[in-house]
A.B. asks: 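Handing you this structure, nothing more for now.
In this chain, numbering begins with 1 at the start of the sequence shown. None of these values were measured; they are calculated from a predicted model.
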Amino acid sequence: MDVGQLQRRFVEYTSSLFHEGVLDAQFTQLQQLQDESNPEFVFEVVSLFFDDSERILNDLTRALDQKIVDFKNVDSHVHQLKGSSSSIGAQRVKNACIAFRNYCEEQNTEACLRCLQQVKQEYSLAKNKLDSLFRLEQQIVAAGGAVPMVGC
């Protein structure tokens, strides 16, 4: 595949992520912070998000598995995940966290467990889609091309 085809594929794929609500305008703002002096900026920030999210999701799973659930602790973790997902533009993860926090406030364990599964599903989708996006970026650069900027 030539550079032009890879770049078109990149634009189409990125546009689909915005259209599907996987990403929002915050991701575009994150991309705008990347420049020649730090060409891996977005990848590094999103990788940190992935690492942090894995830890938070594990903490949430353990917290909701307790006989007596500490909803303040659960809410704190969900709040942290909501903030970090919002900062990279992972819109569907952020939205799932908003619903999750409402059930924490109600101290509804069953609803929190359902929300945890929803958050995990949205996180997994975002991770897979962003991993694919970064692989496509690498292919463009390896072929000698520039990664196009795509807005929402």
A.B. asks: Are the charged groups of D131 and K127 less than 4.0 angstrom apart, N to O?
C.D. replies: yes
A.B. asks: Would you indicate whether the side-chain heavy atoms of L23 and L130 approach each other to under 4.5 Å?
C.D. replies: yes
A.B. asks: Quick test of your reading: applying ring pair (Phe, Tyr, Trp, His ring centres under 6.0 Å), list the pairs with at least one residue in residues 49-75, sequence neighbours left out, ordered by first then second residue.
C.D. replies: none
A.B. asks: Can you tell me which residue pairs pass the salt bridge (charged side-chain N to carboxylate O under 4.0 Å, His left out) test with a partner in residues 84-98, sequence neighbours excluded?
C.D. replies: D24-K94, R92-E122
A.B. asks: Is there a donor-acceptor pair closer than 3.5 Å between any side-chain N or O of Q66 and the backbone N or O of A63?
C.D. replies: no
A.B. asks: Has Q34 got a side-chain atom pairing as donor or acceptor with L30's backbone, closer than 3.5 angstrom?
C.D. replies: no
A.B. asks: CD1 of I88 to OG of S84: how many Å apart, nearest 0.5 Å?
C.D. replies: 7.5 Å
A.B. asks: Any donor-acceptor pair under 3.5 Å linking the side chain of Q7 with the backbone of P148?
C.D. replies: no
A.B. asks: If a pair satisfies salt bridge (charged side-chain N to carboxylate O under 4.0 Å, His left out) and one of its residues is in residues 25-54, list it, with sequence neighbours excluded.
C.D. replies: D52-R55
A.B. asks: Among residues at least two apart in sequence or on other chains, which ones pass side chain to side chain donor-acceptor pair (under 3.5 Å) with T61?
C.D. replies: K120
A.B. asks: Tell me, do S132 and N128 make a side-chain contact under 4.5 Å, heavy atoms counted?
C.D. replies: no
A.B. asks: Does E105 have any side chain to side chain contact (heavy atoms under 4.5 Å, CB included) partners at least two apart in sequence or in another chain, and if so, which?
C.D. replies: none
A.B. asks: Listing request: all salt bridge (charged side-chain N to carboxylate O under 4.0 Å, His left out) pairs with a residue in residues 67-85, at least two apart in sequence or in separate chains.
C.D. replies: D75-R101
A.B. asks: Is there any salt bridge (charged side-chain N to carboxylate O under 4.0 Å, His left out) pair reaching into residues 12-21, and which pairs are they, with sequence neighbours excluded?
C.D. replies: E20-K129
A.B. asks: Quick one: do D59 and R62 satisfy salt bridge (charged side-chain N to carboxylate O under 4.0 Å, His left out)? Show the steps, please.
C.D. replies: CA-CA 5 Å; D59 289 348; R62 278 193 298 279; 2.5 Å; yes
A.B. asks: To the nearest 0.5 Å, tell me how far F10 CZ sits from M149 CE.
C.D. replies: 9.0 Å
A.B. asks: So, using side chain to side chain donor-acceptor pair (under 3.5 Å) as the criterion, who are the partners of S87 when residues are at least two apart?
C.D. replies: none
A.B. asks: Does any pair with a residue in residues 93-145 pass ring pair (Phe, Tyr, Trp, His ring centres under 6.0 Å), and if so which ones, sequence neighbours excluded?
C.D. replies: F43-F134
A.B. asks: Any heavy-atom pair between the side chains of L57 and L81 that's under 4.5 Å?
C.D. replies: yes
A.B. asks: Go through the structure and list residues passing side chain to side chain donor-acceptor pair (under 3.5 Å) with N73, not counting sequence neighbours.
C.D. replies: H77
A.B. asks: Enumerate the side-chain hydrogen bond (donor to acceptor under 3.5 Å, both in side chains) contacts for residues 136-145, please, sequence neighbours excluded, ordered by first and then second residue.
C.D. replies: none
A.B. asks: Using the side chain to side chain contact (heavy atoms under 4.5 Å, CB included) criterion, which residues pair with V141? Sequence neighbours excluded.
C.D. replies: V147
